[in-house]
Trainee: 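Please read through the structure below; I'll follow up with questions.
The figures that follow rest on heavy atoms only: side chains count, while hydrogens, waters and symmetry mates do not.
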Amino acid sequence: MVHVPLVLDLCDEFDDLVVVLAGQEDVPEMVVDFVRRAVELPEGTLPVYRAERTAKHHRGLVRKRVGVTYDQVKARQIVEQSIRKEAAAKNRPADLINIALEKVVEAGLELPGFSTFDKMASKIRTEVNASICTGIHDRMSAAQRAGLMRLLEDRDSDGTTLFNRLKKSAEGPTWPYAAGTRWSYTDRAG
């Protein structure tokens, strides 16, 4: 097996994008194979460094070339702030992660790993959703809360709850209904 550090300069539509594959455990096998084939390296080439010092030096060179700063604490603060701000209006983790990615890039910081974004989006979204539900609960009167509980507790003879009936989809309009509506609009129009 050949052990070659893979430091690749690739042109991106925005600027130079430098990809550093620093360790085999960090890089999915599919990515290693793709990069290996793209630069025509022999089969079995692994993205490893023989010395940690070399890997550290390469990461520093890449940061300098791309113009980013390594400050994971600040990057995580930006991720948390942007996700927390947007989670009240957006619920999809992908949307929250994309917004956080943009903010970290705008700040000129090295991106944390995807798992960091994913875990933070999940945790913060859960907190924000719980806060929204608590706010709704606190604004309701005791009678309104009791009415909501009845939706789940009161059952029909077939065992379904009022909530089941509430969430049942409406049926499509029938022809007589649609025809009657159409004619009533036409009659009013004269």
Trainee: Taking the side chain as C-beta and beyond, is there a heavy-atom pair between Lys85 and Ile99 under 4.5 Å?
Mentor: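 No; the side chains remain at least 4.5 Å from each other.
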
Trainee: Could you list the residues that satisfy side chain to side chain contact (heavy atoms under 4.5 Å, CB included) with Pro93, not counting sequence neighbours?
Mentor: Arg125

Trainee: Could you walk me through whether Asn164 and Thr161 pass side chain to side chain donor-acceptor pair (under 3.5 Å), step by step?
Mentor: CA-CA 5 Å; Asn164 288 10; Thr161 63; 3.2 Å; yes

Trainee: Report the residues that fulfil salt bridge (Lys or Arg N to Asp or Glu O under 4.0 Å) with Asp95, sequence neighbours left out, ordered by chain and then residue number.
Mentor: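 With sequence neighbours excluded, Asp95 shows a salt bridge (Lys or Arg N to Asp or Glu O under 4.0 Å) to Arg92, given in chain and number order.
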
Trainee: Side chain to side chain contact (heavy atoms under 4.5 Å, CB included) with Leu111: which residues, sequence neighbours excluded?
Mentor: Leu101, Val104, Val105, Phe117

Trainee: Give the table of side-chain donor-acceptor pairs shorter than 3.5 Å for residues 130-138, with sequence neighbours excluded, one pair per line with atom names and distance.
Mentor:
{"unit_1": "Thr134", "atom_1": "OG1", "unit_2": "Ala130", "atom_2": "O", "d": "2.8"}
{"unit_1": "His137", "atom_1": "NE2", "unit_2": "Arg145", "atom_2": "NE", "d": "3.3"}

Trainee: For Leu151, which residues count as a side chain to side chain contact (heavy atoms under 4.5 Å, CB included) partner, sequence neighbours excluded?
Mentor: Leu148, Leu162, Phe163, Leu166

Trainee: What's the shortest heavy-atom distance between Ala100 and Ile83, and which atoms?
Mentor: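 Ala100 and Ile83 have their closest heavy atoms at CB-CG1, 3.9 Å.
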
Trainee: Mind checking what makes salt bridge (Lys or Arg N to Asp or Glu O under 4.0 Å) contact with Lys123, not counting sequence neighbours?
Mentor: Glu127

Trainee: How many angstroms lie between atom CG of Asp33 and atom CG of Leu41, to the nearest 0.5 angstrom?
Mentor: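 Taking CG in Asp33 and CG in Leu41, the distance rounds to 11.5 Å.
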
Trainee: Using side-chain contact (heavy atoms from CB on, under 4.5 Å), reason through Ile124 and Val79 one step at a time and then give a plain yes or no.
Mentor: CA-CA 10 Å; Ile124 293 168; Val79 170; 6.0 Å; no

Trainee: My understanding is that only residues two or more places apart in sequence, or in another chain, count here; which of them pass side-chain hydrogen bond (donor to acceptor under 3.5 Å, both in side chains) with Asp118?
Mentor: none

Trainee: Could I get the full list of side chain to side chain contact (heavy atoms under 4.5 Å, CB included) partners for Val68, not counting sequence neighbours?
Mentor: Arg63, Val66, Glu110

Trainee: Quick test of your reading: applying side-chain hydrogen bond (donor to acceptor under 3.5 Å, both in side chains), list the pairs with at least one residue in residues 67-83, sequence neighbours left out, ordered by first then second residue.
Mentor: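 Qualifying pairs, neighbours excluded: Glu80-Arg84.
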
Trainee: Can you list every pair that meets side-chain hydrogen bond (donor to acceptor under 3.5 Å, both in side chains) and has a residue in residues 99-108, with sequence neighbours left out?
Mentor: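 Qualifying pairs: none.
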
Trainee: Going hydrophobic residue to hydrophobic residue with side-chain gaps under 4.5 angstrom, can you get from Phe114 over to Ile78?
Mentor: yes

Trainee: State the CZ-CG distance between Arg65 and Leu61, to the nearest 0.5 angstrom.
Mentor: 10.5 Å

Trainee: So, using salt bridge (Lys or Arg N to Asp or Glu O under 4.0 Å) as the criterion, who are the partners of Asp158 when residues are at least two apart?
Mentor: none

Trainee: Applying side-chain hydrogen bond (donor to acceptor under 3.5 Å, both in side chains), name anything that partners Asn98, two or more places apart in sequence or on another chain.
Mentor: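 By the side-chain hydrogen bond (donor to acceptor under 3.5 Å, both in side chains) rule, Asn98 matches no residue at all.
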
